[in-house]
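Down below is the structure, laid out as structure tokens.
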Amino acid sequence: MTPVRPEFLPDPELSREEMETLQYDVADAARWTDDFDFDPRDVSLESAASLTGDRPLVAGVDQAFLDDRAVSVVVLMRGGDVVERAHAVTDLSIPYVPGLLSFREGGPIVAAFEELSADPDLVVFDGSGRIHYRQAGLATHLGVVFDVPSVGVAKNLLCGRPREDAEGRPEGWRTDILADDTVENAESGDRIGHAYQSRQYDSSPIINPLYVSPGHRVSVPTATDLVSRLCGGYKLPEPTRRADAYADETKAEYA
DNA sequence: GCGACAG
DNA sequence: ATCTTGTCGC
């Protein structure tokens, strides 16, 4: 249902050099300023009954794998309610290569979106956005392909360096992720994302932070604000958790 | 040559 | 990402 910009589709048949060239183009097409219709304050997990206005549709995207096939899923949420789920099972053509993830998983994700009947106002991806060697991670690449506001939420840092050590910080704490010399199209020191402590217990099991970065049409601070509004008692944002569970149950049916 | 490296 | 049992704690 969601229209696609064909010139940006991540074609896994491209050579590595062509992939990197496309990523530069994607980064040039990406907008890292707030450009969306909804009010960020309307993004929440509250139940529909207690709310007045129209809540934005937020999509969570995740994948699971079977041999050489990907199970890609999209879960649409409005407030705390799941309003639609869609999935696609696709053959994988290339292996995982750090920095080129969107060329492996992009096609399968596009296939899952084609099964969706509604268009999301915001998409939360499992992986990096601007925190990427060419500032064109999965969240940025697919955000540009769909021209939809998007954020990337990663459990591990791909590149860049935290302004401060994030180890064992309290819940709600955040620090900038600054571009280092591995980010080819940024000035060293540019702010490209946040390390965000979405969950922390009082004692020992120290939880690692999330690495949040803009995908498309969202700024660095807003990306983290939105993610914070989508985290309800768990480390990962709720749309991501729902997508995670749906991917697991779908995978079980195809195994 | 060595280390780093989303999912 | 994936392969996997039990275990500690609220």
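What you see below is based on every heavy atom in this structure, not just the backbone, and it leaves out hydrogens, waters and symmetry mates. Letters A, B, ... mirror the listed sequences (proteins, then strands); counts begin at 1.
Counting non-hydrogen atoms under 4.0 angstrom, A:Y211 reaches nothing in the nucleic acid. Residue A:A64 is in sugar-phosphate contact alone, with no base atom involved, counting any heavy-atom pair closer than 4.0 Å across all strands shown.
Under the 4.5 Å side-chain heavy-atom criterion for grouping Ile, Leu, Val, Met, Phe, Trp and Tyr, A:V144 is connected to A:V74 within one hydrophobic cluster. Taken together through direct or relayed side-chain contacts under 4.5 Å among Ile, Leu, Val, Met, Phe, Trp and Tyr, A:V123 and A:L226 form parts of separate hydrophobic clusters.
Separating the CZ atom of A:R134 from the P atom of B:dA6 is a distance of 14 Å, rounded to the nearest angstrom. Distance, A:L157 CG to B:dC5 P: 8 Å, rounded to whole Å. In this entry the distance linking CG of A:D62 with C1' of B:dA6 reads 12 Å, nearest Å. The separation between A:R199 atom CZ and C:dG9 atom C1' is 13 Å, rounded to whole Å. Distance NZ (A:K155) to P (B:dA6): 11 Å, rounded to an integer number of Å. Separating the CG atom of A:D126 from the C1' atom of B:dG7 is a distance of 7 Å, rounded to the nearest angstrom. Atom CG in A:L142 sits roughly 15 Å away from atom P in B:dG7 (whole-Å rounding). Taking atom CD1 of A:I131 as the reference point, atom C1' of B:dG7 lies 15 Å away to the nearest angstrom.
For DNA chain B, there is no stem of at least three Watson-Crick or G-U pairs with distances under 3.5 Å.
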Taking it one step at a time, do A:F146 and A:V4 satisfy side-chain contact (heavy atoms from CB on, under 4.5 Å)?
-> CA-CA 5 Å; A:F146 295 127; A:V4 150; 3.5 Å; yes
May I have the step-by-step check of ring-ring contact (aromatic ring centres under 6.0 Å, His included) for A:F103 and A:H141, ending in yes or no?
-> CA-CA 9 Å; A:F103 291 90; A:H141 200 144; 5.5 Å; yes
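In this model, no donor atom of one side chain and acceptor atom of the other lie less than 3.5 Å apart for A:E171 and A:Q197.
Note on A:R55 versus A:E46: no salt bridge recorded, every NZ/NE/NH1/NH2 to OD/OE distance being 4.0 Å or above. The pair A:R85-A:E249 counts as a salt bridge, with a side-chain nitrogen and a carboxylate oxygen less than 4.0 angstrom apart. Between A:D62 and A:R241 there is no salt bridge, since no side-chain N of the basic residue sits under 4.0 Å from a carboxylate O of the acidic one. The existence of a salt bridge linking A:D176 and A:R161 is excluded, since no basic side-chain nitrogen approaches an acidic carboxylate oxygen closer than 4.0 Å. Here A:R78 does not pair with A:D54 in a salt bridge; the nearest charged N to carboxylate O distance is not below 4.0 Å.
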Could you write out DNA chain C as a dot-bracket string, with dots for unpaired bases, | for bases paired across to another strand, and Watson-Crick or G-U pairs counted at under 3.5 Å?
-> ..........
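DNA chain B is contacted by no residue of residues 178-196 of chain A, taking any non-hydrogen atom closer than 4.0 Å. Taken residue by residue, residues 237-255 of chain A places no heavy atom nearer than 4.0 Å to DNA chain B. Residues of residues 91-100 of chain A having a heavy atom closer than 4.0 Å to DNA chain B, listed by number: A:Y96, A:P98, A:G99, A:L100.
Both cation-pi conditions hold for A:R104 and A:F65: the charged atom is under 6.0 angstrom from the six-membered ring centre and inside a 45 degree cone around its axis.
Side-chain atoms of A:D121 come within 3.5 Å of backbone N or O of A:L57 as a donor-acceptor pair. A:R130 contributes no side-chain N or O that, together with a main-chain N or O of A:I192, makes up a donor-acceptor pair within less than 3.5 Å. Using modelled atom types, one side-chain atom of A:S150 and one backbone atom of A:H216 make a donor-acceptor pair closer than 3.5 Å.
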Identify each donor-acceptor pair in which a side-chain atom of residues 88-99 of chain A lies under 3.5 Å from a protein atom, sequence neighbours left out, and give them as a table.
none

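More than 12 heavy atoms of other shown residues, nucleotides or ligands fall within 6.0 angstrom of atom CD in A:E253.
For the OP1/OP2 pair of B:dG7 and a distance below 4.0 Å, the side-chain nitrogens and oxygens of A:N156 include at least one atom meeting the criterion.
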